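What you see is a predicted model, and the numbers here were worked out from it, not measured in a lab. Residue numbers start at 1 and run along the sequence shown.
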Amino acid sequence: MDHIARILLVEDEENIRETLSLNLELEGYEVVGLADGKSVLPQFLGQHFDLVLLDIMLPEMDGLDVCEQIRLHDSEIPIIFLTAKDNSADKIQGLRKGADDYITKPFMLEELLLRIQILLKRSQNHRANTLDEYHFGPNYVNFKEQNAKGQDGQSFKLTKKEGMLLKLLIERAGESVSRQQILQAVWGYDVYPSTRTIDNFILSFRKYFEEDPKNPQFFLSVRGVGYKFQAPEEH
């Protein structure tokens, strides 16, 4: 992956959470650890994550409900349940709630790491294949060729970052995407510019693609959050 994969680990047993976090960080992942279910959604919506590791037996809100809530906002992110509940009915229920995988405690660390690698690779391949080109209004974007046609009918090249940001917003059409999520998804977590840079990119998109850049139809500001791409069919 071209950025460090970020994992949201939700586990109420402190020793398990800390041991897992350490081992995942040694594998090169960045880990955000939480101890209860109620904290998950605010963290999830405020940041970019590539995978969720989720205990089922959690205080405040159990992992099954948390998984459902995540799926309302993101149908693609890989979710793995970690749980001591190992009968078939529990596994089926977990998968029905939207989990991609289910691993029972105690587990071998190597097995968990392998399952994480497989799901991240599948997720990355899926994202890479989801959107090659896109039309909206009179506009056209080709993500493979990194070029576009705007309101004036002229073709132009997109920079790599413009293409990544445009693709992120379009793939999440109708959703508010926070500046933090944009910075982490497009620039990566280690080094990224100020949020002003994102604002400048959006201004460029409006200039390219909006009939009236001061009254945008497609690239909308969401006060206090970030930006949203509004697909034309949703008007």
Hey, is [atom1] on [X] packed in by over 12 heavy atoms from elsewhere, all under 6.0 Å?
X    : atom1 : result
E211 : CD    : no
K207 : NZ    : no
M57  : CE    : no
K38  : NZ    : no

Salt bridge check, [Y] against [X]: does any charged N sit closer than 4.0 Å to a carboxylate O?
X    : Y    : value
R71  : D100 : yes
K167 : E162 : no
R6   : D50  : no
E13  : R17  : no

### Query
Is there a salt bridge (charged side-chain N to carboxylate O under 4.0 Å, His left out) between R172 and D74 once you walk through the steps?
CA-CA 9 Å; R172 296 184 58 177; D74 190 327; 5.5 Å; no
When you compare the side chain of [Y] with that of [X], does any pair of heavy atoms fall below 4.5 Å?
X    : Y    : answer
K144 : E133 : no
I79  : L51  : no
Y227 : D199 : yes

### Query
Quick check, are the ring centers of Y134 and F136 under 6.0 angstrom apart?
yes
### F219 six-ring face occupied by R206 cation (under 6.0 Å, within 45°)
no
#### Entry: Check: L58 main-chain N/O paired with D62 side-chain donor or acceptor under 3.5 Å
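It does not hold such a pair.
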### Query
Taking the side chain from Q181 and the backbone from S178, do they hold a donor-acceptor pair closer than 3.5 Å?
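Side chain of Q181 to backbone of S178: a pair is present.
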### Query
What heavy-atom pair brings R179 and G226 nearest, and what distance separates the two atoms?
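In this case the closest contact between R179 and G226 is NH1-CA, 3.8 Å.
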### Message
For N139 versus Y208, what's the shortest heavy-atom pair and its separation?
### Response
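Smallest heavy-atom distance, with atoms named: OD1-O, 4.1 Å.
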